[in-house]
Amino acid sequence: MKRVILLRFGELYLKGKNRGFFEKVLISNIKQALKGIECKFYKVTGRYIISDYDEMDETIIINKLTKIFGLVSLSVAVEMETNIESIKDYISNISIPQKSFRVSVTRADKTFPIKSNDFEKELGGLILKNNPTLKVKLKDYKTEIIVDIRENGLTYVLHDKIECEGGMPLGTAGKGLLLLSGGIDSPVAGYMIAKRGMSIVGLHFHSFPYTSEMAKQKVISLAKLISPYCGKIKLYLCPFTKIQEEIHKNCAPEFMITIMRRIMMKIAAKIAVKAGCKAIITGENLGQVASQTVESLTVTNFSQTQIPIFRPLIAFDKKDIINISRKIGTYETSILPYEDCCTVFLPKNPIIKPKLEKVIKEELKLDIETLVDNAIKNTEIIEC
Ligand code: ATP
Ligand code: MG
């Protein structure tokens with residue numbers, strides 16, 4: 001008898017034509033996440049199982065698995081040889097914390113001599129005998145004890161289901177370039193899009209020396225914090241100081257943020273093409289700040305036409321974004337008080353409803369192409 005972990009994959013996508021592809025990517029992601037931990041991972045009669053691990057590692061393994069997109073749930077189970085007496089013996093000593101339970105037997109092994117229904121009753125009776133305060137409830141039970149009798153001579157007994165992330169396996173929806181700031185929103189946006197299967201490459205604009213080395217380190221930490229979900233992130237660190245200085249010197253202050261956002265997108269589009277990314281992802285959110293009104297977002301969109309911009313948080317309430325950021329563990333880092341490049345040259349009255357023609361006219365005061373090319377030339381790349 002040994003403890004194993006049973007994995008459940010998302011069923012919706014597994015039914016489609018791409019089943020083989022999704023499954024292959026998911027398996028490779030699981031193997032990658034468990035690299036360095038001694039255990040076996042295999043498929044047996046339609047089930048994915050992790051076994052032969054040190055019990056001390058069980059929590060670590062579960063922790064890693066619950067962050068893998070494409071896994072729907074998992075259960076710790078006891079694996080034993082299919083033998084009526086050993087199953088009965090194990091079940092009679094099982095401890096159930098809640099008041100009501102049911103036993104469900106599935107019998108893939110049709111040579112097993114007792115019918116599922118009969119065996120359920122017998123096992124339920126054994127539990128009641130040793131725990132007279134418990135109640136059997138066939139519906140609305142608190143605990144379901146599953147006895148899964150497989151074709152290969154092995155039986156699995158399990159009761160708690162641990163919910164995993166669900167979503168699509170990372171890497172099944174191409175690659176996207178995440179504009180990663182030091183704030184709360186963008187790491188959450190990265191997590192959300194990765195949950196749809198998109199791998200992430202990061203791009204951060206810094207305004208050194210106006211922003212500190214600590215601000216840059218904070219972004220690197222955020223990239224590392226989302227990597228259990230999003231995989232290891234290649235992070236582009238792009239110097240933005242010169243561009244901000246030029247806008248500040250040459251353009252009307254109310255256009256500062258609008259022009260900055262448009263130049264960020266132009267740089268992002270070029271880096272995205274270079275990095276093989278098919279979308280730009282931001283943490284923008286309708287109405288959050290002046291640069292996120294529908295007019296501002298539209299003017300930002302028109303800065304480049306090569307790559308679509310995905311904004312997974314567009315309609316989220318801040319409190320919901322904060323809840324996700326707490327759940328994925330980025331919140332405490334995001335609220336550290338280091339300045340961001342956007343706040344350095346913040347004008348008093350940014351334009352809220354910019355008109356594209358006026359912005360373009362204002363931009364003629366700059367040599368945008370050279371500024372963009374130089375910024376890209378001086379971009380560093382690190383692996384987080
Ligand atoms: P906050 O939680 O403070 O709103 P934020 O990251 O959303 O943080 P915003 O000023 O709202 O900051 O910026 C909107 C979006 O623009 C961000 O979510 C991010 O995708 C992108 N962005 C902003 N600043 C930067 C930066 N310095 N580098 C890369 N992307 C940035
Ligand atoms: Mg924001």
Side-chain angles (χ1 to χ4, degrees), residues 176-194 200-208 210-212 214-223 225-226 230 233 235-241 243-244 256-272 275 277 279-293 296-297 299-301 303 307 309-326 328 330-347 350 352 375-376 379-380 382 384:
L177 184 66
L178 171 67
L179 299 200
L180 188 60
S181 67
I184 295 168
D185 302 336
S186 46
V188 174
Y191 156 84
M192 297 284 296
I193 205 75
I200 301 288
V201 173
L203 168 59
H204 175 68
F205 298 99
H206 63 85
S207 306
F208 195 74
Y210 298 104
T211 55
S212 61
M214 294 295 275
K216 189 164 115 181
Q217 284 307 322
K218 177 185 177 183
V219 175
I220 295 171
S221 303
L222 287 171
L225 283 169
I226 56 172
C230 305
I233 292 178
L235 181 62
Y236 286 74
L237 293 163
C238 177
F240 208 60
T241 318
I243 294 171
Q244 284 177 305
M256 179 84 204
I257 298 279
T258 312
I259 297 175
M260 257 174 60
R261 308 275 324 157
R262 281 168 53 83
I263 298 181
M264 278 185 177
M265 285 303 167
K266 285 182 205 285
I267 294 174
K270 287 200 168 180
I271 291 181
C277 294
I280 293 168
I281 300 124
T282 79
E284 285 164 311
N285 178 249
L286 191 61
Q288 194 181 78
V289 286
S291 63
Q292 294 171 31
T293 59
S296 292
L297 294 173
V299 167
T300 305
N301 281 356
S303 58
I307 307 272
I309 303 171
F310 290 170
R311 299 176 168 101
L313 307 183
I314 196 71
F316 275 48
D317 268 8
K318 192 73 186 187
K319 73 168 171 29
D320 298 327
I321 301 174
I322 289 175
N323 282 343
I324 300 176
S325 109
R326 283 189 200 279
I328 64 175
T330 50
Y331 182 72
E332 296 303 330
T333 304
S334 287
I335 58 171
L336 292 174
Y338 306 118
E339 64 298 326
D340 180 53
C341 84
C342 292
T343 52
V344 174
F345 290 92
L346 209 63
I352 293 169
I376 294 175
T379 294
E380 307 168 64
I382 57 167
C384 294

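For ligands, and for the atoms within them, numbers begin at 1 and follow the listed sequence.
- His204 places no side-chain N or O within donor-acceptor distance of the main-chain N or O of Leu237, the cut-off being under 3.5 Å.
- The nearest non-hydrogen atom to atom 1 (P) of ligand 1, considering only Ile335, Leu180, Asp185, comes from Asp185.
- Every atom of ligand 1 with a heavy atom of Gln288 under 4.0 Å away is listed here by number and element: 4 (O), 11 (O).
- A 6.0 Å sphere centred on CG of Leu336 holds more than 12 heavy atoms belonging to other residues, nucleotides or ligands.
- Note: Phe205 CZ to Ile243 CD1 = 7.5 Å, rounded to the nearest 0.5 Å.
- In His206, neither the side chain nor the backbone holds a heavy atom less than 4.0 Å from any atom of ligand 1.
- Polar contact check, Ile184 against ligand 1: a nitrogen or oxygen pair lies under 3.5 Å apart.
- Distance alone, capped at 3.5 Å, is enough to place a donor-acceptor pair between the Gln292 side chain and the Asn285 backbone.
- Atoms of ligand 1 found under 4.0 Å from any heavy atom of Gln292 (numbered from 1 in listed order, with element): 9 (P), 11 (O), 13 (O), 14 (C).
- Among Met264, Glu284, His204, Arg261, the residue whose heavy atom lies closest to atom 21 (C) of ligand 1 is Arg261.
- With hydrogens and angles disregarded, no donor-acceptor distance shorter than 3.5 Å links the side chain of Ser303 to the backbone of Val299.
- Inclusion of Leu179 in the set of residues having an N or O under 3.5 Å from an N or O of ligand 1 is warranted.
- In this structure a side-chain-to-backbone donor-acceptor pair under 3.5 Å is present from Ser334 to Gly183.
- With a 4.0 Å heavy-atom cut-off, ligand 1 is reached by the side chain of Lys318 but not by its N, CA, C or O.
- Residue-ligand proximity: Lys216 is placed with every non-hydrogen atom at 4.0 Å or more from ligand 1.
- Not a single N or O atom of Thr282, backbone or side chain, sits closer than 3.5 Å to an N or O atom of ligand 1.
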I would like to know whether Ser186 and Ser181 meet side chain to side chain donor-acceptor pair (under 3.5 Å); could you show each step before the answer? CA-CA 6 Å; Ser186 46; Ser181 67; 3.1 Å; yes
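- A donor-acceptor contact closer than 3.5 angstrom links the side chains of Thr293 and Ser296.
- When only interatomic distances are considered, the shortest N/O to N/O separation between Phe205 and ligand 1 falls below 3.5 Å.
- At a heavy-atom distance under 4.0 Å, only backbone atoms of Leu203 (N, CA, C or O) approach ligand 1.
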